[in-house]
Chemist: 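Take this structure first; my questions come after.
Quick note: numbers below take in every heavy atom, side chains included, and nothing from hydrogens, waters or symmetry partners. Note that the structure is a prediction, hence the values are computed from the model and not measured. Remember, it's 1-based here, ligands and their atoms both numbered in the order they're listed.
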Amino acid sequence: MAQYTRVSGIVGLITLQNPPVNALSAAVRQGIVDTVKTALSDPQVKSVVICGQNGIFCGGADIKEFGEKMFGPPLIPMMHAIEAADKPVVAAIEGSALGGGLELALGCHYRIAHSKARLGLPEVTLGLLPAAGGSQRLPRLIGVPAALDLITTGRHVTAAEALQLGIVDQVTDHNTVDAAVKFALTVAGQSLDARRISTRPCPQPSDLDALFEEAMQKVRRSARGAIAPVACVQAVRAAATLPYALGLEREKELMATLFTSGQARALQYIFFAQRAVGRWRMPSGASWDTSKPRPINKAAVIGLGTMGQGITVALTQIGLSVVAIETQEKQLMKAKQAISGMLERGAKRRGVAPPLDRVSYSQNIQAVADVDLVIEAVFEDMGLKMEVFQQLSAVCKPGTLLCTNTSALDMDQLASETPNPELVVGMHFFSPAHVMKLLEVVYGPRSSPQAVATAMQLGKKMGKASVAVGNCTGFVGNRMLKLYTEQAFFLLEEGATPELVDEALEEFGFPMGVFRMSDLAGLDVGWRIRKSAGLEEPIEASGQSVRIRNGCRYSPIADLICEQGRFGQKTGSGWYQYDAPGGRVARSDPWLHSFLAKYRARHGLVARGIDHQEVLERCLYAMINEGFRILEDGIAAGPEDIDVIYVFGYGWPRHRGGPMFYASMVGLAKVLERLEHYHHAHPDVPSLQPCSLLKRLVASGSPPVHRWREVIKKLHSQL
Ligand SMILES: CC/C=C\CC(=O)SCCNC(=O)CCNC(=O)[C@H](O)C(C)(C)COP(=O)(O)OP(=O)(O)OC[C@H]1O[C@@H](n2cnc3c(N)ncnc32)[C@H](O)[C@@H]1OP(=O)(O)O
């Protein structure tokens, strides 16, 4: 797992070998310990180079080993042995040096990186801190402010930035191992006293207390309850204030708390879940193994509202030629300006020329005749979308993939409008489409595996967490969201305020509560969907309560708010009030409170005390219950798919692992018991009735989330 050879007569070359990322498994650590010993005891060897095989230095500790009993040599003594060596040790960094990989390089005396390499300490994103001495060495090497930035955010830096910060000594465009060997030859025999980072004093910023106070406030604001960023600040503070050995003790102490925390488990689960959903599989068994994506060089986007503009930018930024179609001239001009602006700003950030000439604009749908793929992003109206699909079928060249960006409509009905329904899939982007990391790829019963593979690959190229899901109203994300929102409305009827509900959800870790979010997104969007589904019909005249639809409890509160022209931020009022239309700062609205009081009085509802726990249980468990139904229906392949959708598209706090993982952490029996309790209290709310998969999982002993698929498979085989 670490190969040793001698090169150029006097250089010992150690190559880490653990594909795909040379993670520091027990075997690799043992290999390093053994080969370093060999190199240091060989009198002919005057210096040592450590590199990784297959163009990657090291992706860090082996995350798969974290849940298991620790075997093999520990990292810290291994790093110390390297640093204490009396022969220079040079790290040759290609590809990535991340986490324990960078910590290993920091234990070396010199670091040479390829210009395309990326370096970082991303442990915080896994709920940990760099606990192989990284939190103590990095501040000594690059100073406290830069180390705080890298360690608390986990961001990866380019080789150029690493050179500027002083993390690496040299950057090369050529063969990194050759460059490192050449360098090792030149430093052989030189004194290493100044090269051992742990022996250096940590540079002292002028106002240490103020610096750490500010850093702590910053991470607390952005961490939304995650504990690792806070521990990272504490560890760097130890580096700045304690001798190395004591700092290392503090690092170990902090790591022990993090390592066994539920947050670290949740974050590591999401790391693997994100990769697992990339290996999509349709119920037919189709996957990457059986389906080759089509090459896509030219694409079209139909409809240039906010979504269409973002999609155009996302496609252009991955190098495609894009035909952007908008029939309304005024909107086309507005969109052209917005798209150009977004492309210019994106290019400026990346230091490249804006790819403006890759987008062509037209009012005529005939312009899509030669494209390989079309994404329809017109208004959310089935009639209009059907018309567009009919036109596309007549205009596009044979084999063009037709995708819809609908967020809830039946994509299979759209597929029926075309002679080739196998070429139709949903590509459900999230706003703003060039920024948000989630893409739901929706397949219908007739979508071909190749169409799904192509959409999944396109999503990957755009840097999105792409999740293949089956077709149903709202797909996965919006189907679950509907029940979360519905509970929030019911809670208002029963005595809660938007402030109380939002506070509970934000304390849980959502960036915004449901009402603040809905003010931002615009209340009219949901209103229009409810109207088109016939839910908003006033039927009080018929004698039926306005609070009942299709025999179930319904809250018309949001409809009544919309009838007042209160659509959220854009109109200056919604669930909250704003200084002016377009205002961002939500303030409590006495009008809304009085409206709620009158509403309750009109319907004979008596407000009762509602606490944060009830808000969380009602909103989250209703949504989780729907998640189980989605698994039962085979719309999502596994709990990981749902969790990735929620973490990447709906602001679910990452350190809580997604709704299904959260349910497993709370305990499925408890979720079941609370749902039964709330369903008993609200028998007219069917979404609170625990679904059979949840009951079955509890009956089979609440297996861990990675074993749910076995139970789901059994359930499906019995249907
Ligand atoms: C005392 C504690 C000391 C240290 C703590 C740590 O070091 S924690 C680990 C810190 N390292 C990281 O967080 C890096 C995680 N990996 C990545 O960011 C990317 O994988 C990487 C290295 C940039 C490569 O990206 P790429 O897109 O090329 O590949 P992909 O992410 O799909 O990964 C390929 C497969 O490798 C598995 N993998 C990656 N890193 C690790 C790891 N550190 N441990 C174990 N396995 C790892 C990944 O799951 C993929 O596997 P697959 O089976 O194909 O899904």
Side-chain angles (χ1 to χ4, degrees), residues 1 16 18-29 32 52-68 70-80 93-107 116-138 150-151 153-158 228 231-232 235 248-249 251-261 264-265 267-281 287-289 456-457 459-461 463-466 638 640 644 654 706:
M1 288 289 194
L16 313 186
N18 184 15
V21 302
N22 298 323
L24 296 167
S25 62
V28 172
R29 296 194 307 273
I32 297 174
Q53 79 172 169
N54 296 334
I56 174 163
F57 181 69
C58 176
D62 190 334
I63 308 165
K64 289 193 185 95
E65 286 184 356
F66 282 172
E68 299 163 10
M70 174 86 180
F71 290 102
L75 283 170
I76 291 184
M78 182 183 100
M79 315 286 191
H80 282 152
I93 301 170
E94 288 177 309
S96 302
L98 298 173
L102 179 55
E103 292 180 284
L104 169 65
L106 294 175
K116 295 219 168 93
R118 314 275 294 184
L119 299 88
L121 293 175
E123 284 88 340
V124 69
T125 64
L126 298 168
L128 305 174
L129 60 86
S135 73
Q136 304 305 298
R137 283 199 178 90
L138 194 65
L150 260 58
I151 292 173
T153 62
R155 78 180 176 91
H156 302 182
V157 296
T158 59
C232 285
L248 210 56
E249 279 299 306
E251 180 190 92
K252 189 173 161 192
E253 220 173 79
L254 290 163
M255 179 68 160
T257 317
L258 295 180
F259 204 69
T260 50
S261 71
R265 277 171 60 197
L267 287 159
Q268 288 154 30
Y269 160 81
I270 275 294
F271 174 85
F272 288 117
Q274 189 186 350
R275 281 147 184 90
V277 303
R279 295 187 291 267
W280 57 280
R281 183 171 287 274
S287 68
W288 289 129
D289 303 339
M456 288 295 284
Q457 195 190 51
K460 195 171 176 200
K461 280 191 185 156
K464 308 225 179 269
S466 308
E640 297 85 355
V644 167
R654 200 182 166 102
H706 66 270

Chemist: Distance-only, no hydrogens or angles: does the E251 side chain make a donor-acceptor pair with backbone N or O of G133 under 3.5 Å?
Modeler: yes
Chemist: Between atom CG of L102 and atom CD1 of I93, what is the distance when rounded to the nearest 0.5 Å?
Modeler: 6.5 Å
Chemist: Under a strict 4.0 Å criterion on non-hydrogen atoms, which protein residues are in contact with ligand 1?
Modeler: P20, V21, A23, G59, G60, A61, D62, I63, K64, F66, L75, S96, L98, G99, G100, E103, P122, E123, L126, M255, F271, F272, R275, R279
Chemist: Look up atom NE2 in H156 and atom OG1 in T125, then write down how far apart they are to the nearest 0.5 Å.
Modeler: 6.5 Å
Chemist: Would you compute the distance between atom CG of N54 and atom CG of N22 and round it to the nearest 0.5 angstrom?
Modeler: 7.0 Å
Chemist: Looking only at atom types and distance, does a side-chain atom of D62 sit under 3.5 Å from a main-chain N or O of A23, one as donor and one as acceptor?
Modeler: no
Chemist: Taking salt bridge (Lys or Arg N to Asp or Glu O under 4.0 Å) as the cut-off, I'd like each qualifying pair that reaches into residues 19-29, sequence neighbours left out, listed once.
Modeler: R29-E65
